[in-house]
Each structure stands twice: as structure tokens, then as C-alpha cells.
Amino acid sequence: MPELPEVETTVRGLTPVLHGQRLTLVEPRRADLRKAIPVDLRQRMQGAVVTGLGRRAKYGMIDTDRGDTMIFHLGMSGRWRVDPADLLAHDHLLIETAAGRRLALNDPRRFGFLDLLPTADLPAYPAFAAMGPEPLGDDLTAAGLMRALEGRSAPIKAMLLDQRIVAGLGNIYVCEALHMAGIAPSRAAGQISSTRLARLVEAIRAVLMAAIDAGGSTLRDFAAPDGELGYFSKQFLVYGREDEACACGGPVHRQTQAGRSTFWCPRCQRT
DNA sequence: CCGACAACCTGACGGC
DNA sequence: TGCCGTCAGGTTGTCG
């Protein structure tokens, strides 16, 4: 379930395997994920040395000493397998390092993709160019969020899923953050007070950081042979808990907004 | 500008 | 046991 925390955990897990390493094998196993894998990916990545790894929203980035950055997006079902004993179905990219480590990018649904471009061109990358502030760090502020939502009548739930408003939130953490902030998901985004937006910003940070912390504890598994990576097993307060008891005692509701399930507690979350 | 919806693709799960 | 419908973390595009 790769939203921002899972991608962050993934990048942190990949870093000790890849950073400073020469890639002795970079082998696409099929040409088509959601987008076509760049035809020159192998040629440009194989033999290069990884000089850094990073994350923007839900995108992972691997920089090389050739001035390239490989971008990976995990879609709905993507994950990196570390030192796999055998190849599985849906292992779409293989990487081997000079130190003898192996990685396999596995993505059954193929909603994810790989891309490759000069590092200098990253700011102009279409997915990044219009992207909103990162929720961790100082870029996301209540004042900035208020400006972005000003005059918008769409439900706050839909606005928070829009990567141009805040980068990296997905269905799970939007539900969780709105619950933590006590805001009903159907509330018109432009009509939320600055006080409550400030609470929302803090809730977004808190829920993402808690998820990253919990994911970090699975990094032990990451290092194990065939380890799973980046799957966050936190107990959500509302997501996936329709009809269960909220902490307040009331039942968690589920409704569909913009084609996606919203979980929320009408007692805790005001309109 | 907005919401609803479909599309992409596979796997897991519940009901019968 | 097996078949069928439903649903799932994301993104992108169309239509009204």
C-alpha cells in the first residue's frame, strides 16, 4: 500500500543496499508497466554508481554518477524485494550490485512505472512540476493550505487526494488525518477555518510520521533474505473499519467519494 | 471549476 | 472445490 510513508520506508531500505554501489546488472523483465520502461534504461543504468536516493511525494528516485535519475512509482501493488532467492511472477526489474546484492521490483497490477531522465531535468518532470508541498518538513503550512483551498467548494477529502494541494497523501492517510483533525470528509474545502486547517496540518504530519516510524521497525525484515519491504502494519483508527467502534464508541461509517471509499466517524468529525 | 466515472491489471476474499 | 462478483494503496483522462 504505497503512499508516502511506504515509499519513504522503501527508499530508506534501499539506501544501504544501493548507495555508493556500482550496478553490475540492470535488467528489465518486460517492456510495459503503466508506462513503457525507457528503452535505454539498461544501457544508462548498468555500470553506473548510485550516488544518492530520495523521495518526492510517492515517487522514489535513484541518482547515478552519470547524471541520471531513475524514478520509480509503486502504483497500488509495487514493492522491492531484497536478495530474493528466486524470481517470482511480476518481478519486472532486476538489479545486482558489485557487492553481490540483488533487488527485484515486483508489481502484479502494473500500475507503477519506471522512468529515467537527467537529474538536472527533475524540476521540469511533469509529475513534479505542478506538485504541492511535501507534508513533512516546513513546506506545508496552514496559511499555505488555506490559500490553496480558498474558494474551493469540493470536499476536503477530494482536495487532499489532489497531489497539487499536498504531495504524497493517499486514501488511507487522508482518512486518518481528517479523523485525527476532527473534520468531516465532505466539508467544503474552502470553508474550513484557519484554526482547523492548522489542526489538519499537524494531523497530516503526525499520521505520516507515525506510519514512517512503524514502517522503520520493519527495516529489519528488509535486510533479511527475501525480505518484504515497506508494508506498514499500523492499526488504523478509521480506514478499513466500517461498522467497527471508533475510539469515541460510535460506529465508523463508510461512504464513496469520487469513486473511492472514505472511512470516518460522524461523531468525531464535524461538518 | 467540479464531480462522477472509467480505464489500466492482478489477486484476495466472500457468497453460493 | 470452484465459479463469480466485488474490492483494493494510484494516476490519468473524458464527459456533462
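None of the values given here were measured: they were computed from a predicted structure. Just so it is clear: chains get the letters A, B, ... in the order the sequence lines come, proteins before strands, and each one is counted from 1.
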J.: Once you round it to whole Å, what is the distance between C1' of B/dT10 and CZ of A/Arg30?
T.: 11 Å
J.: Students often get this wrong, so: under 4.0 angstrom with heavy atoms, is A/Gly259 touching a base, only sugar-phosphate, or nothing?
T.: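 The answer is nothing, as A/Gly259 stays clear of every strand by at least 4.0 Å.
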J.: When you measure from the side chain of A/Ser261, which nucleotide among C/dA8, B/dG3, C/dT12 comes out closest?
T.: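 Minimum distance to the A/Ser261 side chain belongs to C/dA8.
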J.: Specify the residue among A/Ala89 and A/Arg34 whose closest nucleotide of DNA chain B lies further upstream toward the 5′ end.
T.: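 Nearest-nucleotide comparison on DNA chain B picks A/Arg34.
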J.: Rounded to the nearest angstrom, tell me the gap between atom CG in A/Leu88 and atom C1' in B/dT10.
T.: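 Distance check: A/Leu88 CG to B/dT10 C1' gives 14 Å.
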J.: CZ of A/Arg79 versus P of B/dC9: gap in Å, rounded?
T.: 21 Å
J.: Is the shortest side-chain N/O distance from A/Ser77 to OP1 or OP2 of B/dG11 below 4.0 Å?
T.: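 Result: no.
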J.: Give the rounded distance in Å between these two atoms: CG of A/Leu160 and P of B/dG3.
T.: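 To the nearest whole Å, that distance equals 13 Å.
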J.: Strictly by Watson-Crick or wobble contacts shorter than 3.5 Å, is anything paired with B/dC9, and which nucleotide is it?
T.: none
J.: Compare side-chain N and O positions of A/Arg254 against OP1 and OP2 of C/dC7 and report whether any pair is under 4.0 Å apart.
T.: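 A/Arg254 to C/dC7 OP1/OP2: no side-chain N or O under 4.0 Å.
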J.: How many Å lie between NE2 on A/His92 and C1' on B/dC8, as a whole number?
T.: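 Going from A/His92 (NE2) to B/dC8 (C1'), I get 13 Å.
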J.: Using a heavy-atom cut-off of under 4.0 Å over every strand shown, decide if A/Tyr239 touches base, sugar-phosphate, or nothing.
T.: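 Result for A/Tyr239 = sugar-phosphate.
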J.: A/Ile71 CD1 to C/dT11 C1': how many Å, rounded?
T.: 15 Å
J.: Pick the C1' atom in C/dG2 and in B/dC9, then give their distance to the nearest Å.
T.: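 It comes out at 23 Å once rounded to the nearest Å.
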J.: CG of A/Asp40: more than 12 outside heavy atoms within 6.0 angstrom?
T.: yes
J.: Salt-bridge test for A/Asp162 and A/Arg164: reply yes if a basic N is under 4.0 Å from a carboxylate O, no otherwise.
T.: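 A/Arg164 and A/Asp162: salt-bridged.
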J.: For C/dT11, is there a stacking contact with A/Phe111, counting only centres under 5.5 Å and planes under 30°?
T.: no
J.: Would you say A/His90 reaches B/dC9's phosphate, i.e. side-chain N/O to OP1/OP2 under 4.0 Å?
T.: no
J.: Please say whether the positively charged group of A/Arg109, taken as NZ for Lys or CZ for Arg, lies over the ring of A/Phe111, i.e. under 6.0 angstrom from the six-membered ring centre and within 45 degrees of the axis.
T.: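 Yes, a cation-pi geometry.
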J.: Under 4.0 Å between a Lys/Arg side-chain N and an Asp/Glu carboxylate O for A/Asp32 and A/Arg30?
T.: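 Salt bridge: yes.
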J.: Any side-chain N or O of A/Gln163 less than 4.0 Å from the OP1 or OP2 oxygen of C/dT11?
T.: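 Yes, A/Gln163 has a side-chain N/O under 4.0 Å of OP1/OP2 on C/dT11.
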J.: Does the side chain of A/Arg110 get closer than 4.0 angstrom to OP1 or OP2 of B/dT10 through an N or O atom?
T.: yes
J.: Examine the base of C/dA8 for any acceptor or donor lying under 3.5 Å from a partner atom in the side chain of A/Arg260, and report the outcome as yes or no.
T.: no
J.: Return the value, rounded to whole Å, for the distance between atom NZ of A/Lys58 and atom P of C/dG10.
T.: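 After rounding, the gap between these two atoms is 4 Å.
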J.: Less than 4.0 angstrom between a side-chain N/O of A/Lys35 and OP1 or OP2 of C/dT11, yes or no?
T.: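 Result: no.
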J.: If you check the A/His73 side chain, which of C/dG10, B/dT10, B/dG3 turns out closest?
T.: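 Nearest to the side-chain atoms of A/His73, counting from C-beta on, is C/dG10.
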J.: Rounded to the nearest Å, what distance is computed from the CZ atom of residue A/Arg109 to the P atom of nucleotide B/dA12?
T.: 12 Å
J.: Hey, what's the ring geometry for A/His73 with A/Phe113, parallel, tilted or perpendicular (30° and 60° as the breaks)?
T.: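 A/His73 vs A/Phe113 ring planes: parallel.
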J.: For atom P, what is the distance between C/dT6 and B/dC5, given to the nearest Å?
T.: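 After rounding to an integer number of Å, I get 15 Å for this pair.
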J.: Do A/Asp63 and A/Thr69 pair up side chain to side chain, a donor and an acceptor below 3.5 Å, judged on atom types alone?
T.: yes
